[in-house]
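In what follows, a single structure is set out as structure tokens and then discussed.
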Amino acid sequence: MSGPRLKLALEYDSASRGRHVRDIVQELKQLYGVRGALIVAPDGFVIAAELPGTVEVDSLAALAATLGRELETSATRMGRPSFSTALFSADDGTMFLAASRIGYLVVLAEAQVSVQAIRGALADAVALIEAAWAPGEATG
Amino acid sequence: MTILRRLWTPRDGREPLSVPDALRRAELRRREGRYAEAGALVARALEIDAGNLHAHLLAAYLHVARRAIAPAKEEFHWVLGHDATHARALLGLARIAFEERDARTCHDLLRRALRFYPEFPEASALLELVHAREAAPPAPAAPAAPRVERLRLPGTGRALIIGRADGGLIASQPVTDDAKDVSEAVARTLQVATAALRRAALGPLHRAIVEDRRDAVFTRTDGELIVSLALPRATDPTQGLLDVNRLWSATQHELGLAAGSPAAAPSSTPADTPGAAPTRRIS
């Protein structure tokens, strides 16, 4: 997900955005050390997901959306800027979360994954979404 | 006949569209994250059939997706006014209640949803989270002679919060009026993250990094104690984690929870701010 891919993304027309968003999730899933990825709307609706079969998608999506909203509403209450990325590290892996115009990008990764690599990929993915969804497109 | 005419010959020259077609297209747009377009299609459906329950539910979802909570609540209530057992509307309102810190309402709505539809994974997951919050470990007895005032921020540090998993504030630096609110917010976030990590089968939460355009907040927890350090966003993650680890050890040492390294251990980042205000114990 570097410069050339961004250029390609800008060529997408609105009708192919569904495929585009699935491509973004697949790109994230293919990164080294990544077990799965999804994009979930703030209402908990799963836009696209590539998760291991052992993970129940709807439950995780519901909690990931709740987590994203919690980070947003907490920031609003305290008069702070909203979060851009977050990571939560546990014994058996790390969950990354990034805020985008259309929802939250979630990556599940190995515990020893490169934090910088995943954060960079998430930043690229958010930039792709920002480029493909013009201001006002998602939020109206 | 009037309704049919409005269906097939819209006055503004728009493409004729039936309600099912409009809603099907709206669902597709929603699936692509095109919320504004989806909202316009739902509005068209409601122009034709103002009492369409599916359209009102979709409108509610789209309001939430666009972070417009008040109209979303109205739409969810409308749906429940016409179908009091609508599990999706109950879940939608429960999620909003959770955001609004109304745990009791959230709990009641989820219980109602699960009574009608016991196999409802999203509602179960959220109810599990609500129960986990209610079961947060009680505040431990205060150590006899806490010395957390000896803790010092690293040179680039902006704020330090030491709190408990139930949201209670133990100490902060600097001492500010909103430190208690920050401690509660950090604890809530970690509770939700813990539930999500459990669902992803990743195990118990130990560390977190939350970034906004100004700061990167590095947090360490063991499920009872929380140490949260705000550093500039540009801080290298390894460096930030080293700093929060140092403060974690020092906090445990001062609270008598473990034989951690001394609080006066050197900072991992450039020299401590000269004359920095000492951390004050709050409770």
Side-chain angles (χ1 to χ4, degrees), chain A residues 14 17-18 20-21 36 39 41-45 47 51-52 54-56 58-67 69-75 77-78 80-95 100-103 106 108 111 115-116 119 129 133 136-140, chain B residues 28 30-37 39-40 60-67 72 91-92 95 98-100 121-126 128-129 178 181-182 185-186 188-190 192-215 233 236-238:
Chain A
S14 63
R17 283 181 188 138
H20 180 42
V21 84
I39 300 182
D43 64 327
F45 179 73
I47 296 174
L51 290 174
T54 51
V55 177
E56 209 286 305
D58 290 335
S59 301
L60 177 62
L63 290 170
T66 303
L67 180 56
R69 286 292 299 155
E70 183 63 35
L71 287 163
E72 288 177 351
T73 55
S74 291
R77 281 167 193 264
M78 289 181 285
R80 295 189 50 81
S82 192
F83 88 104
S84 50
T85 60
L87 77 82
F88 301 91
S89 174
D91 281 345
D92 300 323
T94 300
M95 180 174 67
S100 82
R101 186 182 299 280
I102 62 171
V106 182
L108 304 181
V115 169
Q116 292 289 50
R119 289 205 306 190
I129 291 170
W133 277 258
E137 175 68 42
T139 57
Chain B
L28 285 173
R30 178 188 179 211
R31 201 169 290 278
E32 296 165 359
R34 297 156 69 181
Y35 305 133
E37 290 176 41
Y61 288 149
L62 292 168
H63 285 308
V64 176
R66 294 154 78 176
R67 282 89 161 171
L91 175 66
R95 296 188 73 237
F98 186 86
E99 282 183 28
E100 294 177 339
E122 297 100 308
S124 297
L126 199 53
E128 194 177 295
L129 168 61
D178 69 349
D181 295 336
V182 175
V186 170
R188 271 181 70 91
T189 298
L190 296 191
V192 183
T194 296
L197 288 168
R198 191 181 301 123
R199 286 284 168 172
L202 296 184
L205 172 67
H206 295 305
R207 292 175 184 81
I209 307 174
V210 177
E211 284 185 327
D212 59 34
R213 69 170 185 270
R214 288 203 313 243
D215 296 338
R233 182 192 164 97
D236 177 75
T238 306

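Residue numbers begin at 1 in each chain, while the letters A, B, ... track the order of the sequences.
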Top contributor to chain B interface from [options] [non-hydrogen pairs under 4.5 Å]:
options	answer
A:D91, A:I47, A:L60, A:V106	A:D91
A:S74, A:A64, A:G103	A:S74
A:E72, A:Q116, A:E70	A:E70
A:V55, A:L51, A:L67	A:L67
A:A86, A:A90, A:A62	A:A90
A:P52, A:S100, A:G93	A:G93

Measuring heavy-atom distances to chain B, does [X] have an atom under 4.5 Å in its side chain, in its backbone, in both, or in neither?
X	result
A:A75	neither
A:T85	both
A:M78	side chain

Gap between atom CZ of A:R119 and atom CD1 of B:I209 - 0.5 Å precision: 5.5 Å
From B:R188 atom CZ to A:T66 atom OG1, the distance as rounded to the nearest 0.5 Å: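 Reported value, rounded in 0.5 Å steps: 10.0 Å.
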Is any side-chain N of the basic residue among A:R77 and B:D181 closer than 4.0 Å to the acidic one's carboxylate O?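 Answer for the salt bridge query: no.
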Sorted by chain and number, sequence neighbours left out, salt bridge (charged side-chain N to carboxylate O under 4.0 Å, His left out) with A:D58 holds for none
By salt bridge (charged side-chain N to carboxylate O under 4.0 Å, His left out), which residues pair with B:E99, not counting sequence neighbours? A:R69
Under 4.5 Å heavy-atom distance to chain A, tell me which part of [X] shows up: side chain, backbone, both or neither.
X	answer
B:V186	neither
B:L129	side chain
B:R207	both
B:A201	backbone

With the side chain counted from C-beta on, respond yes when [X] and [Y] share a heavy-atom pair under 4.5 Å apart, and no when they do not.
X	Y	result
A:T94	B:L202	no
A:V21	B:E32	no
B:T189	A:F88	yes

Measure across [X] and [Y] and return the closest heavy-atom pair with its distance rounded to 0.1 Å.
X	Y	value
B:D212	A:S82	CB-O, 3.3 Å
B:A196	A:M95	CB-CE, 3.7 Å
B:R95	A:G44	NH1-N, 3.7 Å

Which one of B:P121, B:G39, B:A185, B:G203 has the most heavy-atom pairs closer than 4.5 Å to chain A? B:P121
I need the residue from B:V182, B:L205, B:L28 with the largest number of non-hydrogen atom pairs under 4.5 Å to chain A.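 Between B:V182, B:L205, B:L28, the count favours B:L205.
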Sole residue of B:E122, B:R199, B:R198, B:E128 in side chain to side chain contact (heavy atoms under 4.5 Å, CB included) with A:S59: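 So the option named by the test is B:R199.
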Given B:R30, B:R67, B:R66, the one that forms side chain to side chain donor-acceptor pair (under 3.5 Å) with A:D43: B:R30
